[in-house]
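One-based numbering, in listed order, for ligands and for the atoms of each.
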Amino acid sequence: MDTVWANPSRLAALREGITRVDDRPTFPVEAPFTGERIADVPACTEADVAAAVEQAREAGAAWAARPVDERAAVLSEFHDLVLDRQDDLLDLMQLETGKTRRDAFEEVLDVASTARHYATHTDLLASERRTGAFPGLTKAVVHHHPVGVVGLISPWNYPLTLAVSDALPALLAGNGVVLKPDESTTHTALLARDLLEDAGLPPGLLQVVSGDGADLGEPLISRVDHVGFTGSTAVGREVGALAGEHLTDVSLELGGKNPLLVLDDADPDEAAAGAVRASFANAGQLCISTERLYVHTDAYDDFVDAFVRETRNLALGAGFEYGPEMGSLQSDQQLEKVVAHVDDAVERGATVLAGGRTRPDLGPYFHEPTILEDVTSEMTLSSEETFGPVVALYEVDSVEEAVERANDSPYGLNASVWTSDTARGEHVAERIECGTVNVNEGYAAAWASIDAPMGGMKDSGVGRRHGDEGLLKYTESQTVATQRGARIDPGPLPQSLWASGLTLGLRALKRVAGWLP
Ligand code: NAD
């Protein structure tokens, strides 16, 4: 394999950074492009997780005491290092996931942008005056303290972004972090941690443990002060239940079955080009990628012609250089699920307009980008997330029908609307029950707007990442209220007089409420 990581000693050096208190049995990790075994990674235990949380907590105390500008400087330096050393990162992400270089580069872009965003928004952590109970007499100040230790559990599909982009605000807020990346993408998380330490992060503050989520979930969730989980809705429910048991604060970024709407006035070629990227970026293994397309009758034929043509033209390939437009699926389980969904749909009468086949000539887990028509509700993929390069096309008669069918899902993660009238598109977007909706873009506009919150409605999640919410969730808000002059009790006054006085006071307050600071 033509990558700097083909040398096993480089991967072994990264694994030295895994927190473990003893030698552990290992599990194998393979490169999806070829199916070759590239490393054996230690399976951490509860004792390792306990040590990781303890060390992160210890390092966190000193880190939290440092001025926020010093903490922000680390993120700012990390931004530069990620851009400078992107080739190492791109190679490793590709090695562990089988994605194209272009898809891997989106992660570099994302992580650098997230670091810049939070490094320049330290004001969110400043203590702030709020309106006190009695204007002039009660001073109320809100402080944002770090929660302590944040536990992050992340999936394999965006191994840099999803390991790091939640860690960055958690660290800026003054916390220690323990990261449990997916078993198959541990090395990418370790390299990101090394870059953060090169950028000035104190050693010990960001701990990485490796291994099976089912084994390490409870030990982690029971010890940390906030758990951030990104992964499937099924596992998210288990994580949420455990967090509830231990009263650990939790945010959950889960699955989707994302709709894309093509309105009657959309430019068919532009919408088709956007739909190709929306559907097949990262070989469809993207929580916010499109799996259902609702196309207005007036636009249907032209759109479908262009969409099928562009999809058939996509260049598939394995390789550590820019060029291929769609890469491999990440594992045999991923390929099996995609094949099962396509076979089930075809057996029940779906029509394949593009793709539909595996491509063992390119690599063991390649599957063609696939467009299906005539998909009906009894087919598994009509409602279940495929998480692969397979989409279903539906013709609709009106915007109302498109919105209704888009909302007919237990999921509510991301949506996309295509139209030549952006004001109309924005109006339609507000009626879609998804945490993010992109107008004339598939997913990147909303994801990359890091100043705005991102997350799922319905079964797609709890809480938000990005924006102010994505930082403040890693803090404990504390109100310090100081009373001056009159106390808030009757004191020596008769209680009835005190009550009448306050009644008058409340009436007066309502009149001036809008003018108070
Ligand atoms: P997954 O839920 O199987 O695994 C995700 C992580 O959870 C891994 O680190 C895994 O080891 C760990 N895990 C597994 N069982 C666990 C348990 N019982 N307790 C604690 N942790 C456990 O998900 P996956 O298949 O790796 O990822 C694909 C899914 O993730 C898709 O549904 C996709 O939509 C979703 N996803 C969501 C987002 C988002 O931001 N909303 C982003 C990426 C992926």
Side-chain angles (χ1 to χ4, degrees), residues 27 29 41 43-44 46 49 96-97 99 103 106-107 110 114 151-166 178-186 188-189 208-224 227-243 245-246 248 250-258 281-291 329-334 336-338 384-388 409-414 434-436 443 446-447 453-466 470:
F27 57 89
V29 172
V41 177
C44 290
E46 174 157 16
V49 173
E96 289 193 316
T97 64
K99 63 174 66 189
D103 289 328
E106 282 195 352
E107 300 200 52
D110 172 67
T114 305
L152 297 174
I153 302 175
S154 58
W156 46 264
N157 63 325
Y158 278 73
L160 179 66
T161 283
L162 297 172
V164 172
S165 64
D166 294 325
V178 177
L179 171 63
K180 206 302 285 172
D182 188 83
E183 295 87 309
S184 55
T185 53
T186 308
T188 301
V208 179
V209 288
S210 53
D212 187 44
D215 295 338
L216 303 184
E218 211 267 346
L220 184 66
I221 295 161
S222 61
R223 286 176 172 82
V224 295
V227 61
F229 172 82
T230 306
S232 61
T233 295
V235 175
R237 285 186 204 284
E238 292 179 39
V239 169
L242 276 171
E245 219 172 276
H246 294 281
T248 303
V250 63
S251 34
L252 304 169
E253 302 286 345
L254 309 177
K257 186 77 193 169
N258 307 305
N282 213 41
Q285 302 167 119
L286 168 59
C287 56
I288 47 180
S289 65
T290 296
E291 296 200 358
L329 296 180
Q330 203 252 357
S331 63
D332 52 351
Q333 296 97 309
Q334 276 297 107
E336 259 174 42
K337 187 170 182 197
V338 168
E384 251 187 47
E385 182 186 36
T386 303
F387 210 55
S409 167
Y411 293 111
L413 191 56
N414 182 57
C434 285
T436 46
Y443 60 87
W447 179 278
M454 160 98 220
M457 294 184 185
K458 304 197 271 188
D459 289 355
S460 288
V462 173
R464 295 288 183 269
R465 58 161 59 103
H466 291 176

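- A side chain to side chain contact (heavy atoms under 4.5 Å, CB included) with Ile221 is found for exactly one of Val227, Val49, Leu216, Val250, namely Val227.
- A salt bridge (charged side-chain N to carboxylate O under 4.0 Å, His left out) check over residues 227-242, counting only residues at least two apart or in different chains, returns the pairs Arg237-Asp459.
- Side-chain polar atoms of Gln334 and Gln285 form a donor-acceptor pair below 3.5 angstrom.
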Check ligand 1 against the protein and report each N/O to N/O distance under 3.5 Å, formatted as atom name, atom name, distance.
| unit_1 | atom_1 | unit_2 | atom_2 | d |
| --- | --- | --- | --- | --- |
| ligand 1 | 2 (O) | Ser232 | N | 2.9 |
| ligand 1 | 2 (O) | Ser232 | OG | 2.7 |
| ligand 1 | 9 (O) | Ser154 | O | 2.7 |
| ligand 1 | 9 (O) | Lys180 | NZ | 3.1 |
| ligand 1 | 11 (O) | Lys180 | NZ | 2.7 |
| ligand 1 | 11 (O) | Glu183 | OE1 | 2.9 |
| ligand 1 | 11 (O) | Gly213 | N | 3.4 |
| ligand 1 | 18 (N) | Glu238 | OE1 | 3.2 |
| ligand 1 | 19 (N) | Gly213 | O | 3.4 |
| ligand 1 | 23 (O) | Ser232 | N | 3.4 |
| ligand 1 | 26 (O) | Trp156 | NE1 | 3.0 |
| ligand 1 | 30 (O) | Gly231 | O | 3.3 |
| ligand 1 | 30 (O) | Ser232 | N | 3.4 |
| ligand 1 | 32 (O) | Glu385 | OE1 | 2.6 |
| ligand 1 | 34 (O) | Glu385 | OE2 | 2.6 |
| ligand 1 | 40 (O) | Arg465 | NH1 | 2.9 |
| ligand 1 | 41 (N) | Leu254 | N | 3.2 |
| ligand 1 | 41 (N) | Leu254 | O | 2.7 |

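- Between Glu46 and Arg223, at least one side-chain N (NZ, or NE/NH1/NH2) sits under 4.0 Å from a carboxylate O, which counts as a salt bridge.
- Checked against salt bridge (Lys or Arg N to Asp or Glu O under 4.0 Å), Glu106 has the following partners two or more places apart in sequence or in another chain: Arg277.
- Considering only residues two or more places apart in sequence or on other chains, Phe387 meets the ring pair (Phe, Tyr, Trp, His ring centres under 6.0 Å) condition with Trp156.
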